[in-house]
2 protein chains.
Amino acid sequence: MGMQKKLTIQDIARLAGVSKATASRVLNGNPSVNGELRARVMRVVEEHDFVPNATAVSLAGGNTHLIGVLAPPLVWPALPEIIRGVAEYIEDSAYEIVLYSINFANAECNHSEVVKRILNLHLVSGLLAIFTDELMPQITRLAQDGLPIVLIDDQEEPGHIPWVGIDNRESACTAVRYLLELGHTRIAHISGPQHYYWANERYRGYCQALQEAGIAPEPELLLQGGFEPLHGRQCAKQLFSRERASWPSAIFVANDQMAYGVLEYAEQQGIRVPEDVTIVGFDDNLLSAYTRPPLTTVHQPFSEMGRRATELLLNMIDPQYLAGPKASQQVQAPTDFPRLSERDQPVHLQLPTSMVIRASSTQASLSVKT
Amino acid sequence: MGMQKKLTIQDIARLAGVSKATASRVLNGNPSVNGELRARVMRVVEEHDFVPNATAVSLAGGNTHLIGVLAPPLVWPALPEIIRGVAEYIEDSAYEIVLYSINFANAECNHSEVVKRILNLHLVSGLLAIFTDELMPQITRLAQDGLPIVLIDDQEEPGHIPWVGIDNRESACTAVRYLLELGHTRIAHISGPQHYYWANERYRGYCQALQEAGIAPEPELLLQGGFEPLHGRQCAKQLFSRERASWPSAIFVANDQMAYGVLEYAEQQGIRVPEDVTIVGFDDNLLSAYTRPPLTTVHQPFSEMGRRATELLLNMIDPQYLAGPKASQQVQAPTDFPRLSERDQPVHLQLPTSMVIRASSTQASLSVKT
DNA sequence: TTGTACGCGTTATCAG
DNA sequence: CTGATAACGCGTACAA
């Protein structure tokens, strides 16, 4: 009934008539054990469903086999997907995930406390920090103290800490080139907060694409937004309150969240998408396939980012490590990561994005095309 | 530069000129320590930012201060909200979350392996199992072995294991009563898979409300759905392919996901919501506020469920426990949980739901009202 | 009040 | 190849 006293390796050893050491060797697949002894121990182990106490293993081995995932609440758009990637990779590894969810909204508590909790306890062998730019000072310190850390964050320019992300500039450029190919020439841009790295990069990509096409960016088509639907809504209002002739034929919105606001405003005002105006977003959040109309956008490979970041982190923690026992047999060729000796140049892993064409975009109508 | 050798409590003791034991006492707030000594130790501790090694504390104390959260991938609708609740409660406790994300889609791997991983390692001091009905056999076994477990799951009728959820029947009943009050009399129901507890309960709630109003459920208004948008879509098609006169004036859909499918189909067919037909869902997923039109639905207090379940679990693990040091000062009166002695009757915590009225519902139009 | 010594469950070292 | 035995870092009876 009650939690029956767990067996220890000592018990197993006794039952098998061997020493602790031998039992341990068998459990760890040490080849230097007599066949018969090995069999005897294994039988006892299986008979009792014995498994070594994780805590003791950690203490003795110096590796907790725990990686921390530091992130804002999971209700943030891309987070579930990223963590799915992390979980999938972790699944066939010997590691587990410790979730540190930070509540930025809760201003009363000092977030550095959360970080202290991590560093302090030495609970995790490594840390995956997702969208935690506000904690960069503390995180940097953790890294300096020698804790393996990988970043997934696009609010600051990648620095010395290993980082996984995308090429925001090039991706934005591609999106705008797509609009140009459709024949649009009056392309507006609703940008993110200018001090955010991603926002600035996407803006630069927008400019670059226009420049390539020999089009000078018009200041009146460039709106400073934020990152929420409301911001998109406000910018849309500003844009469409002008006389019809000065409307853009397409809008490149810096992220999907704001694009939702634009779509909402357009609908309320009876502005048809894509007939009257084409909308393109960025991120490809899960919702974006269900807006009306579904949103054309730049797909970020979030779950892949989670997977690769985890792979990177595990390799930092334990270079000998190949995910799980099975992994060695799988074709899944382990990515070649820079070795420690070459670590002078920081690891920045840029994953490819892709355009997802949905119903919110179409060719520029002739009337607008001039 | 490299991970500087971490200090041990031994070092602290030496630096403060006391014994390990005294240092330990100071760190644990044991009152029986001389004021001066205490100060001396504290100074050294703060000077070096010392914190005890979590692993060692666990091994010595027999409590890992880790709770496992077993759940499907976080991309499942309600999960991020539930976990937000868990994280919020955990945040000011001495515990951390270990995330066990199970990939049901990955049929190749035996899911009982995942569970084995949990039981075996004795890594977590307790388990919160969310939407894991398929693993009930294994979970039950874990519970029998003495592992504290709390369930958040609505696919099976609650049993002996402590459980947090809602009253599906009553909630559904309330939703249908709402429709009746609006004047609807021809109310259809798209149900979930009948072998799911929630689906069956919601169906019974639907019947009960009709019965109260003296309306006999019409078989042709009762459709067997599933749980995905596609299922809702199919049922909607079936419903609206009949002659207009036999259409329902309102549909109570067993969950929001399916309601999305209904909305989608209605839109494609030019059926106006709510003018031609009123739609009411169940769950109040995050998306439901953004559908077109926004969906009237039954709100499940997901984050609150996560919070309460965690509170319950922590109390099971450590009855003396009040969340965090601050908690004792806060007004947040710790809920009174049944004590062990009364545990013969299983703990079932039913949280209240609420109707969220949005644009997809309205009074029955006169023409349809007969 | 403070210090000593042992236990927690494994792994790893070093003789045998 | 196998078996004592020493770490691992901390809590805690027990003795002083």
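Sequence lines set the chain letters: A, B, ... in the order given, protein chains first and strands last, and positions in each chain run from 1. The shown structure was predicted, so the numbers you read here are calculated from the model rather than taken from an experiment.
A:Arg14 places its CZ atom 14 Å from the P atom of D:dA4, with the value rounded to the nearest Å. Rounded to an integer number of Å, the gap from B:Asn63 CG to D:dC10 P is 17 Å. Atom CD in B:Gln10 sits roughly 9 Å away from atom P in D:dC10 (whole-Å rounding). Going from atom CD1 of A:Ile12 over to atom C1' of C:dG9 covers 12 Å, rounded to whole Å. Per the geometry, CG belonging to B:Asn30 stands 14 Å off C1' belonging to C:dG3, to the nearest Å. The distance from atom CG of B:Asn53 to atom P of D:dA7 is 18 Å, rounded to the nearest whole Å. Rounded to an integer number of Å, the gap from A:Asp11 CG to C:dC8 C1' is 13 Å.
Residues satisfying the side-chain contact (heavy atoms from CB on, under 4.5 Å) test with A:Asn63, not counting sequence neighbours, are A:His65, A:Tyr95, A:Ser125, A:Ile317. In this structure, the side-chain contact (heavy atoms from CB on, under 4.5 Å) partners of A:Glu47, at least two apart in sequence or on a different chain, are A:Arg43. By the side-chain contact (heavy atoms from CB on, under 4.5 Å) test, A:Ala16 is found to be paired with A:Val18, A:Val41, A:Val44, residues two or more places apart in sequence or in another chain being considered. For B:Arg84, the salt bridge (charged side-chain N to carboxylate O under 4.0 Å, His left out) test picks out B:Glu88, with sequence neighbours left out. Scanning for side-chain contact (heavy atoms from CB on, under 4.5 Å) contacts around A:Val150 gives A:Leu128, A:Pro162, A:Val164, A:Ala309, A:Leu312, A:Leu313, A:Met316, with sequence neighbours left out. In this view, B:Ser19 and B:Thr22 satisfy the side-chain hydrogen bond (donor to acceptor under 3.5 Å, both in side chains) rule, not counting sequence neighbours. Evaluation of the side-chain hydrogen bond (donor to acceptor under 3.5 Å, both in side chains) rule for A:Gln10 yields no partner, not counting sequence neighbours. Not counting sequence neighbours, the partners of A:Asp11 by the salt bridge (charged side-chain N to carboxylate O under 4.0 Å, His left out) test are A:Arg14.
Residues A:Pro80 and B:Leu79 form no side-chain contact, since every pair of their non-hydrogen atoms from C-beta on lies 4.5 Å or further apart. Side chains of A:Leu99 and A:Leu74 form a contact here, defined as non-hydrogen atoms less than 4.5 Å apart.
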Going 5' to 3' through nucleotides 11-16 of chain D and flagging B where a protein heavy-atom sits under 4.0 Å of the base, S where only the sugar-phosphate is that close, and - otherwise, we get BBB---
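The overall bend of the helix from C:dT1-D:dA16 to C:dG16-D:dC1, read as the angle between its terminal helix axes built from five base pairs each, is 40° when rounded to 10 degrees.
OP1 or OP2 of C:dG3 lies within a sub-4.0 Å distance of a side-chain N or O belonging to B:Ser19.
The salt bridge (charged side-chain N to carboxylate O under 4.0 Å, His left out) pairs that include a residue from residues 28-42 of chain B are B:Glu36-B:Arg40, where partners are two or more places apart or lie in different chains.
When the nucleotides D:dC10, D:dC1, C:dC8 are ranked by their closest atom to the side chain of B:Thr8, D:dC10 comes out on top.
Of all the residues in residues 35-47 of chain B, not one reaches under 4.0 Å from DNA chain D with any non-hydrogen atom.
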